[in-house]
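Just so you know, these numbers use all the heavy atoms, side chains as well, and skip hydrogens, waters and symmetry mates.
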Amino acid sequence: MRGVLILVFCGAASWLCPFPLLAHHSFATHYDPNRSMDLRGTVVDFSMRSPHSFLHLEVESEGGEPVTWEIEMGSIPLLRRQGFSADTF
């Protein structure tokens, strides 16, 4: 009987576990997919880590002052498939 209860519990848990993954933040809640930007500057730092990598780019503002932009990128496996490595920049 105990084995059956464990089996039922594991089965129920396997059905419930994927659902929190659906709550992961959406791209559209943070970024406008219909708007693009052209940034030109100097790469200050590239942090290749999970779950998201970051590129820090120093850009000259309209007033001539340096501004550092933090650009969120994909995960390490995704970036590697696109040809990035920790030594890319």
Side-chain angles (χ1 to χ4, degrees):
M1 181 66 181
R2 183 171 186 217
V4 172
L5 288 176
I6 291 173
L7 184 63
V8 168
F9 176 76
C10 289
S14 69
W15 275 92
L16 295 175
C17 287
F19 294 112
L21 296 177
L22 296 175
H24 190 79
H25 63 269
S26 167
F27 178 84
T29 60
H30 297 285
Y31 309 102
D32 183 355
N34 299 316
R35 181 178 169 210
S36 64
M37 296 182 74
D38 182 28
L39 294 174
R40 296 173 194 261
T42 305
V43 175
V44 181
D45 185 40
F46 176 57
S47 176
M48 197 168 180
R49 60 186 176 155
S50 289
H52 301 280
S53 298
F54 291 90
L55 178 69
H56 293 90
L57 190 65
E58 190 171 281
V59 178
E60 188 176 307
S61 70
E62 291 178 4
E65 297 294 319
V67 176
T68 302
W69 284 71
E70 181 180 71
I71 302 165
E72 185 176 356
M73 301 175 77
S75 65
I76 292 172
L78 177 65
L79 291 175
R80 284 194 178 140
R81 282 194 298 267
Q82 295 174 344
F84 288 93
S85 74
D87 301 323
T88 298
F89 298 101

Going from CD on E72 to OG on S47, what distance comes out if it is rounded to the nearest 0.5 angstrom?
11.5 Å
Starting at CD1 of I76, measure out to NE2 of H52 and round the result to the nearest 0.5 Å.
11.5 Å
Would you indicate whether the side-chain heavy atoms of M48 and R80 approach each other to under 4.5 Å?
yes
Hey, what do you get for CD1 (I71) to CE (M37), rounding to the nearest 0.5 Å?
9.0 Å
Set of residues satisfying side-chain contact (heavy atoms from CB on, under 4.5 Å) with respect to R40, sequence neighbours excluded
D38
Which of parallel (below 30°), tilted (30 to 60°) and perpendicular (above 60°) describes F84 and F89?
tilted
Can you see which heavy atom on H56 is nearest to which on F54, and at what distance?
CE1-CB, 4.0 Å
Residue pairs fulfilling salt bridge (Lys or Arg N to Asp or Glu O under 4.0 Å) with at least one residue in residues 43-68, sequence neighbours excluded:
none
Smallest heavy-atom separation, S61 atom then V67 atom, equals CB-CG2, 3.6 Å
Walk me through whether L57 and V44 qualify under side chain to side chain contact (heavy atoms under 4.5 Å, CB included).
CA-CA 6 Å; L57 190 65; V44 181; over 6 Å; no
